[in-house]
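Numbers here are sequence positions counted from 1.
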Amino acid sequence: MRESSASANGSFTSAMTLIEEGLTYVPKRYVLPPSLRPDGTLCNTCLPIVDLSNRQHPLLRSQIIQDVHLACKKFGFFQVVNHGIPLSVMDNAIDAASEFFDLPTQDKRHLLSSNVCDPIRYGTSLNHVKDKIHFWRDFLKHYANPTSTWIDLWPSNPKCYKKKMGNYTVAAQKLQQELMEVIFESLGLNSNYLHEDIAEGSQVMAVNCYPACPEPDLTLGLPPHTDYGMLTIILQNHLGLQIMDRDEKWHSVPLIEGALIVQLGDQMEVLSNGRYKSVLHRATVNSEKKRISIASLHSLALGKKVRPASELVNEQHILSYKEGSFSDFLDFISGEDIVEAKYIDKLKINS
C-alpha cells in the first residue's frame, strides 16, 4: 500500500520534517515513474534576458517591446533586469520565506489546508490529502492584491514576514502591470488594454521551499505544468527551475543576481488566441541546498472570464480558445490530477 503524508488520524509530514529527521533516502511516495524523472539531459541554448531600464523612454521602448515579443513567441519566458525592485527588497522576501519554513511544524499547522479555494494555505507536495505521487516541496500560498485586504491573514510568525513579504508583493504587482503593458503592445494591442482588470486582478503568492533531497534523481519538486494566470513573476535563490521549449527540450534557468523570471500562463495563451503559449516548466531538487522560490501569480479577478482579444481573431487566426476564469481553474484542479491533465487543453477549441 502506498505511503501517505496524511494518515487516517490526520497526521502531516512536510518535506522539511523528513530532512530534519535525518532521512537518507526518498520515501516510496516521492519516487516517480522512470518516465517522469529528470534525466539530466538539458539544452544549452541561451535564454532571453530583457533589460527594462529604458521601458519609459519614448524612443528606446520599441526595442524592449521587440525583445519581449521574440521571447514570448519562442519561449513564453524571459528574465528581466533593471526592473526597479531593489535587491534588498528581494533578499528580504527570500529571508522571510526561509524563516517561515524553518519554523517547527506546530507553529505552521494552523495554516494547513488542502482546500485550493482558501485564501491562505500551508501544505506539502501539490495537495497532501489527494496526491497519488508526492513531490519534494513545502509551500505557503496566500492572496495578495490589494495587500491591505489580505495581509491580516498572512503569518504573524516570523514577525518580519508581513512587512518583508508585503514590500515585495506590492513591488511585484506594480512590475506586473508595467510588464502587461509591454506584452500587450508586443501583441499589437493598446498598452492600456484591460488596464483596470489588470490593476484589480488576482495576485497569489506561491512561496515554495524545496529542501535538500537525499536522492534528487528519483523525484521532482514540482511536475511539468503550466501556470493558469496571465503571467508569473518568480524570485529564486538557487538553481532548480527548468522550462521546456517549443522543441520539447528542457532548459535550466540560470540564476542571475537581481534578475526576476517572467513566465506566461494559460490566460495569456487564451487572450493572445495562441500567438503566445504558456510555458511548461518543472522544479528539480538537489542534494546540497534548500531552494526558496517565490512565485507571484497574476490573473484577472477570480470570476472574471478571459477570452481571445477580438483584435487577434481574423481569417488567418480563427477563434481557437473558449473563455475561462481563475475560478474555473480552481474547480478544475479540485477534481483533476495536474500530473495527467492540463487546464489549457480544456480551453482549446477542437483540441
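Between Y228 and the options Y343, F332, F326, a ring-ring contact (aromatic ring centres under 6.0 Å, His included) holds for only F326. If you run side chain to side chain contact (heavy atoms under 4.5 Å, CB included) between I234 and each of L260, I261, L297, only I261 comes through.
No donor-acceptor pair closer than 3.5 Å links the side chain of N273 to the backbone N or O of A309. When atom types are taken as modelled, the side chain of S14 and the backbone of T17 share a donor-acceptor pair closer than 3.5 angstrom. For the pair R55 (side chain) and E178 (backbone), a donor-acceptor distance under 3.5 Å is absent. Under the 3.5 Å distance criterion, the side-chain polar atoms of D227 are left unmatched by any main-chain donor or acceptor of G229. No donor-acceptor pair under 3.5 Å is formed between the side chain of K249 and the backbone N or O of T41. Between the side chain of R137 and the backbone N or O of S125 there is at least one donor-acceptor pair closer than 3.5 Å.
A donor-acceptor contact closer than 3.5 angstrom is absent between the side chains of Y161 and E99. S114 and K130 share no side-chain donor-acceptor pair at under 3.5 Å. Side-chain contact check for D328 and S325: at least one donor-acceptor pair (N or O, by modelled atom type) lies under 3.5 Å. Counted by atom type alone, S113 and N115 present zero donor-acceptor pairs between their side chains at under 3.5 Å.
For the pair W154/T169, a side-chain contact is recorded, criterion being any heavy-atom separation below 4.5 Å from C-beta on.
Residues in residues 264-297 take part in these ring-ring contact (aromatic ring centres under 6.0 Å, His included) pairs, two or more places apart or across chains: H69-Y276, H225-H281. Counting only residues at least two apart or in different chains, ring-ring contact (aromatic ring centres under 6.0 Å, His included) contacts with residues 195-214 are absent.
Aromatic ring pairs are classed by plane angle as parallel below 30°, tilted from 30° to 60° and perpendicular above 60°; the pair Y122 and F101 is tilted.
Counted within 6.0 Å of CD1 on I318, heavy atoms from surrounding residues, nucleotides or ligands total 12 or fewer; the atom is thus considered open.
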Using the side-chain contact (heavy atoms from CB on, under 4.5 Å) rule, take M90 and H83 through it: C-alpha gap first, then chi angles, then the decisive distance, then the call. CA-CA 12 Å; M90 298 161 61; H83 44 66; 3.7 Å; yes
Could you check K342 against D266 for salt bridge (Lys or Arg N to Asp or Glu O under 4.0 Å), going step by step and ending with a plain yes or no? CA-CA 10 Å; K342 294 181 174 59; D266 295 341; over 6 Å; no
Before giving the answer on side chain to side chain donor-acceptor pair (under 3.5 Å), spell out for S296 and Q173 the whole-Å C-alpha distance, their side-chain angles and the decisive distance to 0.1 Å. CA-CA 8 Å; S296 184; Q173 171 66 16; over 6 Å; no
Give the intermediate values and the outcome of side-chain contact (heavy atoms from CB on, under 4.5 Å) for residues I183 and L264. CA-CA 10 Å; I183 293 171; L264 301 189; 4.0 Å; yes
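Clustering of Ile, Leu, Val, Met, Phe, Trp and Tyr side chains at separations under 4.5 Å leaves L70 isolated, with no partner residue.
Aromatic ring centres of H251 and F77: separated by at least 6.0 Å.
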